[in-house]
Amino acid sequence: MPIATPEVYAEMIDRAKAGAFAYPAVNITSSQTVTAALQGFAEAESDGIIQVSVGGAEYASGSTVKDRVSGTLALAAYAAEVAKGYGITVALHTDHCVKKNLDSWVRPLLAHEAEQVKRGENPTFQSHMFDGSDIPLEENLVIAAELLALSQAARTILEIEVGVVGGEEDGHEAEINEKLYTTAEDGLATVRALGAGEKGRYLTALTFGNVHGVYKPGAVKLRPSILADIQKAVGAEIGKENPFDLVFHGGSGSTEAEIAEAVDNGVIKMNIDTDTQYAFTRPVVGHMFSNYDGVLKVDGEVGNKKAYDPRAWGKLAEAGMAQRIVEACQQLRSAGNKIR
């Protein structure tokens with residue numbers, strides 16, 4: 001199936017960890033960005049992850065409606081249908097749900113998926129993220145433990161964040177300071193609260209200087225070696241090598257060497273949003289400038305329908321975003337590693 005089943009998603013993660021590669025996790029907000037993501041994965045011959053933020057979900061439901069649950073399910077339904085034509089496997093994920101949005105977004109989705117599972121169906125989504133980075137770690141892990149149990153019932157995987165990603169992402173902001181670096185003690189607290197898989201599988205976003213937003217290479221001080229230190233410390237306590245399935249947030253502006261080191265230290269998923277937003281929009285801008293007198297009815301003229309037809313610039317936008325995803329797949333080594 002083009003949308004991963006729970007078993008296939010687990011296999012995807014296992015293959016990435018064993019093969020020292022990671023999947024790009026691409027934020028989508030519309031049918032066009034879903035199509036662009038699928039096109040990029042297919043061109044790279046890579047499986048991948050398509051993810052929805054709360055703002056993206058609200059936008060997809062209609063900017064005057066802003067129903068985050070219906071928008072999320074609508075994007076998933078579109079992806080499930082059109083993904084059949086691309087020859088790759090994708091997992092569906094919800095991204096960065098902070099505490100205040102749990103009751104209006106992720107908890108209803110988990111309840112919906114638990115009902116699907118009771119009927120013998122696969123859940124609509126394969127994983128959901130709880131972002132507890134804006135609350136104390138102890139509270140973060142208490143909520144995460146509750147959500148992990150709900151995820152078990154829904155046959156989904158939980159993603160958590162331990163540490164803080166700086167900058168701004170979909171309305172959620174965090175300062176750029178020493179809190180951007182997760183410690184080994186944080187990692188140990190996580191595994192003591194959530195287990196090492198026996199209570200349910202979870203993905204962990206440990207932070208090592210990550211910042212959301214637009215930055216030139218070198219502007220953000222990443223320390224991927226922190227990931228190795230935490231994996232080693234926690235692994236020594238529980239007797240398991242590289243115990244965490246890690247997620248890399250805030251990767252825009254990262255160098256290829258930083259990305260490679262993070263993957264070598266257990267990252268199996270890297271979020272990509274800022275770069276793909278630009279890659280989608282830049283060709284549209286070029287089209288509008290180049291076809292100024294076609295997309296506008298200048299001086300009483302009628303314009304050029306072939307220039308202002310949304311398909312004309314939409315195809316360019318999709319191709320631009322797809323190409324950036326191919327680049328991400330190559331950097332993360334997932335290119336050519338599709339399951340089927």
Inset, instruction - Assess whether salt bridge (Lys or Arg N to Asp or Glu O under 4.0 Å) is satisfied between Glu318 and Lys315, documenting all intermediate values. - result: CA-CA 5 Å; Glu318 291 166 11; Lys315 291 176 184 177; over 6 Å; no

Inset, instruction - Using the test side chain to side chain donor-acceptor pair (under 3.5 Å), find all partners of Asp264 that sit at least two apart in sequence or belong to another chain. - result: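 By the side chain to side chain donor-acceptor pair (under 3.5 Å) rule, Asp264 matches Arg333.
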
When you compare the side chain of [Y] with that of [X], does any pair of heavy atoms fall below 4.5 Å?
X      : Y      : answer
Leu332 : Tyr23  : no
Ile339 : Arg15  : yes
Leu73  : Leu109 : yes
Leu75  : Val34  : yes
Met129 : Cys97  : no
Val26  : Ile325 : yes
Val247 : Glu159 : yes
Leu102 : Leu147 : yes

Going by atom types only, do [X] and [Y] share a side-chain donor-acceptor pair under 3.5 Å?
X      : Y      : result
Tyr78  : Ser30  : no
Trp105 : Thr94  : no
Lys269 : Asn271 : yes
Asn337 : Ser334 : no
His249 : Glu161 : yes
Glu327 : Gln323 : no
Thr274 : Gln277 : no
Thr182 : Thr207 : yes
Glu113 : Thr156 : no
His96  : Ser53  : no

One thing to verify: whether [Y] and [X] come together as a salt bridge, which I'm taking to mean a side-chain N less than 4.0 angstrom from a carboxylate O.
X      : Y      : value
Arg324 : Asp275 : yes
Glu58  : Arg68  : yes
Glu121 : Arg155 : no
Lys17  : Asp245 : yes

Treating [X] as the side-chain partner and [Y] as the backbone partner, does any N or O pair qualify as donor plus acceptor under 3.5 Å?
X      : Y      : value
Gln126 : Ala4   : yes
Asn291 : Gly294 : no
Gln330 : Ala328 : no
Lys338 : Gly87  : yes

I need the minimum non-hydrogen distance between [X] and [Y], along with the two atoms involved.
X      : Y      : answer
Met12  : Asp47  : CE-CB, 4.0 Å
Ile50  : Phe41  : CG1-CE1, 4.3 Å
Asn242 : Gln231 : C-OE1, 3.3 Å
Leu141 : Ala189 : CD1-O, 3.6 Å
Pro123 : Pro6   : CD-CG, 3.7 Å
Gln51  : Ala25  : OE1-CB, 3.3 Å

Atom [atom1] of residue position [X] - does it have more than 12 heavy atoms of other residues, nucleotides or ligands inside 6.0 Å?
X      : atom1 : result
Glu241 : CD    : no
Glu7   : CD    : yes
Tyr59  : OH    : no
Tyr308 : OH    : yes

Legend entry - Connected via hydrophobic side-chain network under 4.5 Å: Val162 and Leu194: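 Both belong to a single hydrophobic cluster.
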
Legend entry - Co-membership, hydrophobic cluster, residues Leu316 and Tyr278, 4.5 Å side-chain: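 Different hydrophobic clusters.
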
Inset, instruction - Pick out which of Asn27, Ile28, Thr29 makes a side chain to side chain contact (heavy atoms under 4.5 Å, CB included) with Val52. - result: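 Looking at Asn27, Ile28, Thr29, the match for Val52 under the side chain to side chain contact (heavy atoms under 4.5 Å, CB included) is Ile28.
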
Legend entry - Stepwise side chain to side chain contact (heavy atoms under 4.5 Å, CB included) check, Tyr9 with Thr89: CA-CA 9 Å; Tyr9 191 35; Thr89 301; over 6 Å; no

[atom1]/[X] to [atom2]/[Y] distance, rounded to the nearest 0.5 angstrom?
X      : Y      : atom1 : atom2 : result
Asp309 : Asn304 : CG    : CG    : 10.0 Å
Ile135 : Lys100 : CD1   : NZ    : 13.0 Å
Ile143 : Ile160 : CD1   : CD1   : 12.0 Å
Thr190 : Asn140 : OG1   : CG    : 7.5 Å
Gln331 : Glu256 : CD    : CD    : 4.5 Å

Inset, instruction - Measure from the ring center of Phe248 to the ring center of Phe208 and say whether it is less than 6.0 Å. - result: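 Distance test on ring centres: under 6.0 Å, yes.
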
